[in-house]
Amino acid sequence: MSRRFPPFSALRAFEAAARLHSFKAAAEELCVTQSAVSHQIKALEQFLSSGLFLRNANGVALTQCGVEYYSELTVILDRLDRSTKRIGETDCCGLLSIRATPHFTSRWLIPRMKRFNSAFPDIELDVTTTDRPTKFPSSGVDILIQYGTDAGHGLRVDPFLSSARYPVCSREFCRNNPNILKPGDLARTILLRDTFGDDWEAWFQSAGIETVERRVGPRFAHCELAIRAAEEGQGVALGYGAMIDNEIKLGTLVRLFDFETTPKIVYSLACPESSSNLPRVAAFRNWVISESKGTPRN
């Protein structure tokens, strides 16, 4: 059986005006003009073929029909509100699949996950890694922490982490290579590179060295492996400052020189537009953005 409903905007205007006993107050609550509220209520009265308000110089008052309609409408809206909240709370739980680069997962996400788990104990994170951080998987993933800001078809993309890069190595490597005194000296040492975004040329240019013949060093599939090699004293890697701040503070990595590449957006959170407002997806997105604003790690 088909149902015949009045416009919901008209119901909202009527409910607010009836509850507040004022078209003006209803307009302020709904962030519309008083004339818009009056127009919506008049449309509702025409739809119902019945007057809902008595209008006079002192304001408005509900008719008997208006009192009865408001009474029933309040019950319906209260039930709708409870159902909406219950479904929203239920949906803010269960499995949420996250895919990210090994570097982001190891250096940024895992050290902070305790806080997310504490804030959202009913959301179970399923974390996997990828070496293709610019392509959203065809299935099996709710959120991709992608490299850069490109938005694929049907995706919502929220950039959240920008960073410059600078050279880092272990304390042991520093001790064993006391001849590294100026930026140009790095050209004669072992430079650790990653195949996805080797920025050494950009760093040398930031240091005022336009052309340089570099010693060939090992190349790794991604920057996490290059950073791990640097921690093991195997050479100098280019680290993303936003990703290795804790390692610098703890001394497991040492920064070499003040020069750094131009900051750029490194990571964005990507998810299908169709699911971007699901409570568990929104909860993770808002948490990531909040954490990226500089909250210290535990």
Side-chain angles (χ1 to χ4, degrees), residues 98-113 127 129-135 143-150 157-171 173-174 180 183 186 189-207 209 214 217-270 285 287-298:
I98 311 294
R99 187 162 295 179
T101 64
H103 193 51
F104 180 86
T105 304
S106 176
R107 304 285 169 172
W108 198 96
L109 181 58
I110 290 177
R112 294 169 168 83
M113 274 180 60
V127 182
T129 61
T130 179
D131 292 333
R132 303 183 68 190
T134 59
K135 183 176 178 60
I143 292 172
L144 173 69
I145 304 299
Q146 72 169 29
Y147 186 85
T149 60
D150 290 343
V157 173
D158 292 273
F160 66 89
L161 192 66
S162 64
S163 181
R165 300 184 80 175
Y166 50 76
V168 293
C169 64
S170 68
R171 291 189 180 277
F173 191 86
C174 275
I180 301 178
L186 289 182
T189 194
I190 300 174
L191 300 183
L192 308 172
R193 301 166 295 162
D194 56 277
T195 56
F196 197 90
D198 179 14
D199 284 334
W200 273 112
E201 195 68 36
W203 182 82
F204 278 113
Q205 290 180 6
S206 74
I209 304 172
R214 293 184 279 152
R219 188 184 295 271
F220 298 92
H222 48 75
C223 55
E224 173 59 19
L225 296 179
I227 291 295
R228 282 293 299 127
E231 289 176 323
E232 294 297 325
Q234 297 178 21
V236 180
L238 271 182
Y240 289 99
M243 304 292 291
I244 57 170
D245 57 340
N246 208 48
E247 286 73 10
I248 297 295
K249 292 174 184 176
L250 294 174
T252 56
L253 286 173
V254 176
R255 176 173 181 170
L256 299 175
F257 311 114
D258 293 332
F259 301 104
E260 60 186 24
T261 63
T262 302
K264 63 181 180 181
I265 297 293
V266 182
Y267 288 111
S268 301
L269 188 148
R285 177 174 60 246
W287 175 79
V288 164
I289 292 173
S290 176
E291 286 286 327
S292 69
K293 292 179 179 179
T295 307
R297 299 194 297 191
N298 288 335

For the [atom1] atom of [X] and the [atom2] atom of [Y], what is their distance to the nearest 0.5 Å?
X	Y	atom1	atom2	value
L161	I265	CG	CD1	8.0 Å
L269	I145	CG	CD1	4.0 Å
W287	E291	CH2	CD	5.0 Å
I227	I244	CD1	CD1	5.0 Å
L238	W200	CG	CH2	4.0 Å

For residues [X] and [Y], report the shortest heavy-atom separation together with the two atoms involved.
X	Y	result
A226	A237	O-CB, 3.7 Å
A221	T195	O-OG1, 3.1 Å
V168	G239	CG2-N, 4.2 Å
P218	L192	CG-CD2, 3.5 Å
R193	D198	CD-OD2, 3.6 Å

Which residues share a side-chain contact (heavy atoms from CB on, under 4.5 Å) with [X], sequence neighbours left out:
X	answer
P263	A164
I209	P183, F204, V212
R228	R107, E224, E231, E232
S170	E172, F173

Quick one: side chain to side chain donor-acceptor pair (under 3.5 Å) partners of [X], sequence neighbours excluded?
X	result
D158	R156
D194	R165
Y267	T101
R285	none

Sequence-distant partners of K264, salt bridge (Lys or Arg N to Asp or Glu O under 4.0 Å), two or more places apart: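 If we apply the salt bridge (Lys or Arg N to Asp or Glu O under 4.0 Å) test to K264, skipping adjacent residues, the hits are D199.
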4.5 Å side-chain heavy-atom contact, V157 and D150: no
Contact check, side chains of Q234 and I190, non-hydrogen atoms, under 4.5 Å: no
Y147: partners by ring-ring contact (aromatic ring centres under 6.0 Å, His included), with sequence neighbours left out: F196
Set of residues satisfying ring-ring contact (aromatic ring centres under 6.0 Å, His included) with respect to Y240, sequence neighbours excluded: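 Scan of Y240 (ring-ring contact (aromatic ring centres under 6.0 Å, His included), adjacent residues dropped) gives none.
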Is [X] reaching over with its side chain to a backbone N or O of [Y], donor-acceptor style, under 3.5 angstrom?
X	Y	value
S292	I289	yes
W203	F259	yes
R255	D258	yes
S268	G148	yes

